[in-house]
Protein chains: 2
Amino acid sequence: MGNKSVSISVVRRLPRYYRFLGELLNHSVQRISSRELSQRMGLTASQIRQDLNCFGGFGQQGYGYNVELLHREIGNILGMNQHKKTILIGVGNLGRAILSHMAFEEKGIEIIGLFDRSEALVGEKIGGLTIAHTDELEAFCRERQPKVAILCVPKYTAEDLVVRLCKLGVNAYWNFSHYDIAVHHPGTVVENVHLGDSLMTLCYEVKEMEEPSAPQGGKKE
Amino acid sequence: MGNKSVSISVVRRLPRYYRFLGELLNHSVQRISSRELSQRMGLTASQIRQDLNCFGGFGQQGYGYNVELLHREIGNILGMNQHKKTILIGVGNLGRAILSHMAFEEKGIEIIGLFDRSEALVGEKIGGLTIAHTDELEAFCRERQPKVAILCVPKYTAEDLVVRLCKLGVNAYWNFSHYDIAVHHPGTVVENVHLGDSLMTLCYEVKEMEEPSAPQGGKKE
DNA sequence: TAGATTGTTAATCGATTAACAATC
DNA sequence: TAGATTGTTAATCGATTAACAATC
């Protein structure tokens, strides 16, 4: 079929489609047209049809899309039926929040290990898993072969960890640190969550809303 | 100067520039060319120059950019010198993680109130602020006039809260919920942090890496 | 001055939207 | 069949990259 790889813009919209379809499903909606979905989601119908057709013809002319089928298909495309062995490193506030907050299993992620470098935390149990010291990473990874790591550690810690993890065959990262994994380790798959960047973007927009595009400093006169 | 509003793609890159420049500053680097910065950041020099020139001519031909000046300018563009009155709603795991994790003041955000609807949490003190019940929102906002709300609550709670907050003049949201504020309340400024979506995007890429673009179900044959 | 590097215009590339024939 | 709505091609729009004259 010669699929040329789907653009990241499209991929990033899939989870949102998945959520909306899940809700329609909860409301027992059986079919939906691209037009109606587009109105609910604030997109164009064209875009929805284009996006979906990157992966296959899931609709039917004159009818629209079967909600349940489409929901399931997108779930499969996103790999939510998998069991990707995953470790989480850094069990501070953020790590704990993520652990308790995300529905990992239903996203195809299986957390098989927790690590921290603070002796005070090592040995503590969270959701059936015991926090191990980061010194144990090598032994653990050789035995259990995790594919994904969630990094809830500061930048300088991440830097060292990623070097070690890459050697151990971990090449996918959900990265909450400011360390630029993709730049330093090409060939890895990285999804960055830069909360600070997001907040700063909001700040910009707030400022813009209040005093629209005040010309900046700029050129000497 | 007739600034036409800067595209969101550009704005989203500003925090990253800011971080890189901050680090150069820490390493006592005084000047940098777009070319060298582009290599460090994994961008093109062209893009950096285009981006910066949306806001003014901060460089100097034959020299490059003064790191300290540029860092400060971008900080100002992002409004980091402001004191935006902000409330945080939902002081569970995620809310706490964010409170302890973000350097709010240095981003121009001043947290002036914490709210939760759980009686068990009301009265607890975190970082000098006492958690109040969400019932108090109206009284609080009328008196203190916050501009920004951070929503660390589930979707159905957010739905109700945003309606109330909009009436109270809060029109900027850092949104961790799945409620689609922008679709339902045009005129607000919203920055979504959809952790689940981010994780699912990673899952897709992991799957793609392992079994490159397996053709999907698609058309009946 | 010569060399370096910007600011800015033009060219390219990619993503979104519009249009419409195919078809259920 | 007539109406609806897809899948897909073509047109538009916007963002990125390349090129180069301006200038420090």
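In what follows, chains carry the letters A, B, and so on, assigned in the order in which the sequence lines appear, proteins first and then strands, with residues in each chain numbered from 1.
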### Task
Please list, chain by chain and in numerical order, all residues satisfying side chain to side chain contact (heavy atoms under 4.5 Å, CB included) with A:Arg96, sequence neighbours excluded.
A:Val91, A:Leu121, A:Glu124, A:Ile126, A:Ile131
### Gap between atoms OH and C1', on A:Tyr63 and D:dT5 respectively (whole Å)
12 Å
### Query
Can you name the side chain to side chain contact (heavy atoms under 4.5 Å, CB included) partners of A:Glu106, sequence neighbours left out?
A:Ala103
### DNA chain C contacts made by residues 25-41 of chain B, counting heavy atoms under 4.0 Å
B:Arg31, B:Ser33, B:Ser34
### Query
Taking B:Lys207 for the side chain and A:Ile77 for the main chain, is one N or O donor matched with an acceptor at less than 3.5 Å?
yes
### Task
Can you check each nucleotide of nucleotides 13-20 of chain C against protein heavy atoms at under 4.0 Å and return B for base, S for sugar-phosphate only, - for none, in 5' to 3' order?
--SSBBBB
### Message
I need the CD1-P distance between A:Ile48 and D:dT8, as an integer number of Å.
### Response
17 Å
### Query
What is the distance, rounded to the nearest whole Å, between atom CG of A:Asn66 and atom P of D:dT5?
15 Å
### Query
In whole angstroms, how far is the P atom of D:dT6 from the CG atom of A:Leu52?
9 Å
### Query
Got a sec, which residues hit side chain to side chain contact (heavy atoms under 4.5 Å, CB included) with B:Ser198, two or more places apart in sequence or on another chain?
A:Trp174, A:Glu191, A:Val193
### Query
Mind checking what makes salt bridge (charged side-chain N to carboxylate O under 4.0 Å, His left out) contact with A:Asp51, not counting sequence neighbours?
A:Arg13
### Sidechain N-carboxylate O distance under 4.0 Å for B:Arg72, B:Glu68
yes
## Note on the structure
Read 5' to 3' with Watson-Crick or G-U pairs under 3.5 Å, [ ] for crossing pairs and | for partners on another strand, DNA chain D gives ..||||||||||||||||||||||
### Contacts of A:Phe104 that satisfy ring-ring contact (aromatic ring centres under 6.0 Å, His included) - sequence neighbours left out
none
## Note on the structure
Contacts of A:Glu36 meeting side chain to side chain donor-acceptor pair (under 3.5 Å) (sequence neighbours excluded), chain-then-number -> A:Arg40
### Message
Can you tell me if B:Tyr65 touches the phosphate of C:dG7, counting only side-chain N or O atoms and a distance under 4.0 Å to OP1 or OP2?
### Response
yes
### Query
What residues form a ring-ring contact (aromatic ring centres under 6.0 Å, His included) with B:His184, not counting sequence neighbours?
B:Tyr179
### Task
Using whole Å, report how far CD of A:Gln61 lies from C1' of D:dT6.
4 Å
#### Entry: Residues forming a ring-ring contact (aromatic ring centres under 6.0 Å, His included) with A:Tyr204, sequence neighbours excluded
none
#### Entry: Non-neighbouring partners of B:Thr188 that pass side chain to side chain contact (heavy atoms under 4.5 Å, CB included), sequence neighbours left out
B:Cys166, B:Asn171, B:Tyr173, B:Ile181, B:His185, B:Val190
